[in-house]
Structures are given as structure tokens and as C-alpha cells.
Amino acid sequence: MSPVPTNAATELLTAIKDVGTDPARGGYSRHGFDTAELELREWFTAEAGKRGLDVEVDRNGNIWAWWGAPGPDALVTGSHLDSVPGGGAFDGPLGVVSSLAAVDLLQAKGFKPGRPLALMVFAEEEGGRFGVPCLGSRLLTGATPADVALNLKDPSGNTFAEAVKAAGLDPSRIGKDAEALSRIGRFVELHVEQGRGLIDMDAPIGVATSILAHGRWRFRFTGEGNHAGATPMGARRDPMLPASQLILSARWAASSVDGARATVGRLVPTPGGTNVIASSVDVWLDARAPNDGRTRSVVERITAAAKQAARDEGCELTVTEESYGDTVHFDAALREEVVAALGTAPALPTGAGHDAGILAAHVPTAMLFVRNPTGVSHAPEEHAEPDDCEAGVEALAKVLEKLAAE
Ligand code: GLV
Ligand code: MN
Ligand code: MN
């Protein structure tokens, strides 16, 4: 009998199923360096230890579990353990548990890597706590400067500097880490698919071709806080009005640009009382498109509409770009090697962002997707069947075996 359970990824996911559940939203709320994510990081560290891997945490809070001596020119695989608010069980954790299960498979067959091999867990990939996605890989690569990151605040007002300090990291050492980055020769991330591509192709596993250009913008509308009953309709400067116009414009602008998407999923009025005209409203826009020009054009149209609506209501508007990343085209040669290791696998693009996309600007990077039968992600309905998860583990093991052989 194989020493590795045939549904190893599912068993590992089951082991963490109670960590960070969110009874109010449903699903999971696990955010960078919060109690749930810290518990998962400890769990991963223990699991890596059981497999004889040497665990270290880099200056930016990313975890590395080394099979053999650390880099250079290492083959690295991994993903993240944090989630969006009320997210699913698979986005992030599937890649992490699959990396552990792939090591199990390789160790069971007596494989010895011919080059350094590491499993990684990236910090705050979703930006669910501090707003900037892929913060761990952005800091590692220098895509986000340390001073910007350290001053980011979570919804409770805690800074990233305070959060990393509480997690045992040194805020003065946060930032670009060329030495750590130089150890990665090639990077492969396994991830649950976040759309319907593999359902439509009737395939359990696929390989990624590209990621949409995407970014996040904060629109702050400022008006005049006042009494809901005592303020006549003609005497108001209500920032909710231009905020609503922005939301409508996002649908209109993205629908008129080929392949574009624009979303408002978060809106915070201050002070937020039912009988209070808000004094200000923060609206976050997530916009994506196949290239930089189209993405910028969508955001410009939305911004123009929001400015006009703010003027019409006598409100002020400030717009802040909180993150941006251009289109990612994954390394074609590495993709061919990955497909060769698998025998065959369909290739497909994705609209979702990933740490692999940040690393792709620095090292050859590839992604494996596992079919999601609901086609839904960033929601509790996100799913992957145990057999498909296992196909993912086997695929990742084949890829690691081939790429780390010498
Ligand atoms: C992360 O999954 C994103 O695409 O926002
Ligand atoms: Mn995600
Ligand atoms: Mn993810």
C-alpha cells in the first residue's frame, strides 16, 4: 500500500477546515498575520518539519520550507494561506497543501532533488487586511516599497508595521530582498481555477498563459455630514450620490471595453448611520483588462464620471491608486516543459492575480490550475473535487520531479 493517502490534498485541507471560519459572512476570513493566518502558518511549519524540510521566514514574512540546502537556482512552488473576507477553502490553501502532498509522493518514491527545492507560503496575497494584493511577493521583489507597506492600515487602524512586529518580524527589515529572490531559479504555483475554463474544456488540470492587467483604486468622496430628517433635499452635499454614480459607471465602462472587468465590492461611509447623511464615503474600485491601455481607459472613464457626479453634488473627490500590475504572460518555455512533464494539459488565461504573476517579472514562472466545478471563487461556493485535487498533486509532483531532477 502507498504510504501516501490517495486523497492527501483533501486530507490536509480537512485538517485546517475549522481555522478562520467566518460565521457572519460564511466561508473563511483569514488575513495576513491575523490569528487565523498565524495559526495556519504554524500548522504549515509543523507539516513541513514532519517531512524533514527546513523552515525559515524571510524579512517580509514569506515562509520558505527547504528540501535540501537553500538556493541559488532553486525550484520553488507554493501559494498563500490567507483569504478574501468570506472566501472559499481552496484559493491559496490548495496550492500549499498540494506542495506538501507532492513532496510526500516524491519522498515515497525515493526521489532526491538534484537542485534546491522549496515550498513557499506568501504573506497577505489577497490584500484582505491591508488592501494591497500579493504584498509578500511585492515586498520581496521591490514592487511595493517598504515605506508604502509599513504605513498601510487595516480596518481597525493597525499599521502593517505594527502587524509584522506583533508577528515577530522586524519592521526596519521589511522591503526588497534581492538575496532571498535570487535563490528562486524557477517558480511554479498550483491554484484552484477561479472561472469556468476547465469545466468548459472538460479537463481536471490546465496550465496558465496570462493574467489580466489589474489594479485597485480608492475614491474618497467628501460632502457634508448632516441630519437625515432635518436637511431638505435641496440643501445636501451627500457623498453617497457620486459614490453610487461611480458604481453604475464601473458597470458601463467595463462593459464597453473588450475583455475588461470593473468591480466595486467595498464601500465605507463615514460615520455610517441610518439617519445620518454621510460626511465622506470611501469606494474601492477593482479594474482589470487584457492590457494596460484598456485597463487605464476603463479607470479614466469611471474617474471622469465620478468627478462629474462629485461636482454635481458639491462634493470633493480624491483618487488614490493603491496597487497596479500590468498584464502577465507566463514564460512560454517553462510552460512547454510543464506540459511535457504532464503529457498533455490545456492552456488557459486567468482574470485572477497571483504571487506567481509578481514573480514572473523576475524569474520564469508557471501555474497549474485545478478544475473548480462551481466556477465560483472568492466565495464559499468555490470548490474542487477530491479526485481533481489529487490529479493536481500528481501533476505538481511530476513537474517538480522533472524540473528539480538536475
Ligand atoms: C486575487 O485573487 C485577485 O485576483 O484579486
Ligand atoms: Mn484570490
Ligand atoms: Mn490565490
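Whatever order the structure lists ligands and atoms in, that order sets their numbers, starting from 1. Computed over heavy atoms, backbone and side chain alike; hydrogens, waters and symmetry mates excluded.
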Q) Any idea which N/O/S atom from His378 gets closest to the Mn ion (ligand 2)? A) NE2
**Q.** Backbone or side-chain N/O/S of His354 under 2.8 Å of the Mn ion (ligand 2)
**A.** no
Q: Give me the one residue out of Arg216, Arg218, Lys153, Arg138 that meets salt bridge (Lys or Arg N to Asp or Glu O under 4.0 Å) with Glu322.
A: Arg218
Q: Can you pull out the closest protein heavy atom to atom 4 (O) of ligand 1? Residue, atom name and distance to 0.1 Å, please.
A: Gly353 N, 2.6 Å
Q. Going by an N to O cut-off under 4.0 Å, is there a salt bridge joining Asp292 and Arg296?
A. yes
Q) For the atom pair NE2 (His191) and CZ (Phe90), what is the distance rounded to the nearest 0.5 Å? A) 12.0 Å
Q) Do the ring planes of His354 and Phe369 sit parallel (below 30°), tilted (30 to 60°) or perpendicular (above 60°)? A) tilted
**Q.** Location of contacts on His354 toward ligand 1, heavy atoms closer than 4.0 Å
**A.** neither
**Q.** Side-chain donor or acceptor of Asp91 paired with backbone N/O of Gly88 under 3.5 Å
**A.** no
Q.
Return the CZ to CZ distance between Arg30 and Arg129, rounded to the nearest 0.5 Å.
A. 16.0 Å
Q) Is a salt bridge present between Lys109 and Glu401, judged by a nitrogen-to-oxygen distance below 4.0 Å? A) yes
**Q.** Considering only N, O or S atoms of Glu126, the one closest to the Mn ion (ligand 2)
**A.** OE2
Q. Looking only at protein heavy atoms, which one is nearest to atom 2 (O) of ligand 1, and how far off is it?
A. His378 NE2, 3.0 Å
Q) Nearest protein heavy-atom contact for atom 3 (C) of ligand 1: which residue, which atom, what distance? A) Arg288 NH2, 3.4 Å
Q | Taking atom 1 (C) of ligand 1 as the reference point, the nearest protein heavy atom with its distance | A | Glu126 OE1, 3.2 Å
Q. Looking at Ala352, which atoms of ligand 1 are within less than 4.0 Å of one of its heavy atoms?
A. 4 (O)
Q.
Report the atom name of the nearest N/O/S atom of His80 relative to the Mn ion (ligand 3).
A. NE2
(Q) Could you tell me if the side chain of Glu382 sits less than 4.5 Å from the side chain of Asn372, heavy atoms only? (A) yes
Q.
If you consider just the N/O/S atoms, which atom of Asp91 is the closest one to the Mn ion (ligand 3)?
A. OD1
